[in-house]
Amino acid sequence: MAIARLESVLLAGGVLLMALNTIANVVGRYVFQSSLFFSEELNRILIIVITFAGISYAARQGRHIRMTAIYDMLPGRARKALMIVIALVTAAFMFLLCWYSLQYLLTQAGRGRVLPALQIPVWTTLIIVPIGFFMTGLQYLLTAIKNVISRDIYLSTAVLEGYEDDEMEV
């Protein structure tokens, strides 16, 4: 629950901070004829935070895009088996992306580059990337486990299969 709360705060705070930063930059540019020198870099960092906190949040809420043409035609047991396979394969890809992004992060840390305006190391802006991939992989792994041990079919650990009119959060 603490991780879900942290993701929600990161998403909401990131979007609000991005909006405030953009508004302040526009006001500064048109009213005072001077932009905020760090505005573009801050928005880039916030986009990274929102994206990688968001993928884990969406996995936890069962809100990622689903292509279900074949899935919907299958009977219940086959659908459940396919959901387990989908969750496990997705988890494996997320963990693999976590590994690659961690390697990239370490490469950036070794280069010692800093952002021109904010003067912070580039690698610190990327810390959320492997964390987001790891948390997303963990969510899909937990979803696969939930589907193995449960009688129902789950899109995430808390969302039963269905469409908006019959999906149910438990």
Side-chain angles (χ1 to χ4, degrees), residues 1-32 34-67 83 86-147 154-160 164 167 169-170:
M1 294 304 285
I3 292 171
R5 178 63 111 181
L6 178 63
E7 287 169 349
S8 297
V9 167
L10 283 173
L11 287 169
V15 170
L16 287 174
L17 187 55
M18 187 183 294
L20 289 173
N21 179 45
T22 303
I23 291 167
N25 194 37
V26 168
V27 169
R29 186 179 318 126
Y30 291 108
V31 175
F32 302 110
S34 179
S35 293
L36 298 175
F37 69 95
F38 59 85
S39 185
E40 183 183 341
E41 286 179 3
L42 181 58
N43 276 351
R44 258 193 257 161
I45 293 167
L46 291 171
I47 287 170
I48 293 169
V49 169
I50 291 166
T51 300
F52 289 97
I55 60 172
S56 178
Y57 180 84
R60 177 176 284 105
Q61 302 298 321
R63 295 292 181 211
H64 276 288
I65 294 171
R66 296 181 285 156
M67 295 187 189
M83 181 57 73
I86 289 168
L88 288 173
V89 169
T90 304
F93 275 114
M94 292 296 112
F95 290 136
L96 183 65
L97 289 171
C98 173
W99 171 257
Y100 283 125
S101 64
L102 185 59
Q103 298 309 305
Y104 180 74
L105 177 89
L106 294 173
T107 300
Q108 291 301 316
R111 291 183 177 156
R113 292 179 45 217
V114 295
L115 294 173
L118 293 173
Q119 291 297 303
I120 59 174
V122 170
W123 70 270
T124 61
T125 67
L126 302 173
I127 290 173
I128 189 72
V129 177
I131 294 170
F133 280 135
F134 178 79
M135 295 306 297
T136 305
L138 190 59
Q139 287 303 315
Y140 278 106
L141 180 61
L142 291 173
T143 299
I145 292 168
K146 179 86 172 191
N147 278 305
Y154 283 84
L155 300 177
S156 72
T157 55
V159 179
L160 283 168
E164 284 191 20
E167 273 182 8
E169 190 168 333
V170 291

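For the single chain, residues carry numbers from 1 onward in sequence order. Below, all heavy atoms of this structure are taken into account, side chains as well, without hydrogens, waters or symmetry copies. Please read these numbers as outputs of a predicted model, since none were measured by experiment.
Scanning both residues, Val122 and Val114, for their nearest heavy atoms gives CG2-C, 4.0 Å. The minimum heavy-atom distance between Ala117 and Phe38, with the atom names listed, is CB-CA, 3.9 Å. Gly132 and Ser56 get closest at one heavy-atom pair: O-CB, 4.2 Å. For the pair Arg60 and Ser156, the tightest heavy-atom approach, listed with the atom from each and the gap, is O-OG, 2.9 Å. Across Tyr154 and Met83, no two heavy atoms sit closer than the pair O-CG, 3.6 Å. Nearest heavy atom pair, residue Met18 against residue Asn43, reads CG-OD1, 3.2 Å.
Between the side chain of Asn25 and the backbone N or O of Asn21, no donor-acceptor pair lies under 3.5 Å. Judged by distance alone, the side chain of Gln139 and the main-chain N or O of Ala59 form no donor-acceptor pair under 3.5 Å.
Remark: aromatic rings of Phe134 and Phe95 are close, center separation under 6.0 Å.
The OG1 atom of Thr143 sits 10.0 Å away from atom CG of Leu88, with the distance rounded to the nearest 0.5 Å. One finds the CZ atom of Phe52 at 15.0 Å from the CE atom of Met135 (value rounded to the nearest 0.5 Å). Summarising the geometry, atom CD1 belonging to Ile127 is positioned 11.5 Å from atom CD1 belonging to Ile48; distances are rounded to the nearest 0.5 Å. Rounding to the nearest 0.5 Å places CG of Leu102 at 4.5 Å from CG of Leu106. Considering CG of Leu42 and OG1 of Thr125, their distance stands at 11.0 Å, rounded to 0.5 Å. Here the straight-line distance linking atom OH of Tyr140 with atom OG1 of Thr90 works out to 5.5 Å at 0.5 Å rounding.
Side chain to side chain, Ser35 and Arg29 meet the donor-acceptor criterion of an N or O pair below 3.5 Å.
At most 12 heavy atoms of other shown residues, nucleotides or ligands fall within 6.0 angstrom of atom CD in Glu40. Ile3 CD1: 12 or fewer foreign heavy atoms inside a 6.0 Å radius.
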Derivation and outcome, side-chain contact (heavy atoms from CB on, under 4.5 Å), residues Leu11 and Ile50: CA-CA 5 Å; Leu11 287 169; Ile50 291 166; 4.0 Å; yes

Ile55 vs His64, side-chain contact (heavy atoms from CB on, under 4.5 Å): CA-CA, chis, key distance, verdict: CA-CA 8 Å; Ile55 60 172; His64 276 288; 4.2 Å; yes

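Looking only at side-chain heavy atoms (C-beta outward), Thr136 and Leu97 stay at 4.5 Å or farther from each other. With contacts defined as side-chain heavy-atom distances shorter than 4.5 Å, the pair Leu96/Phe133 does not qualify.
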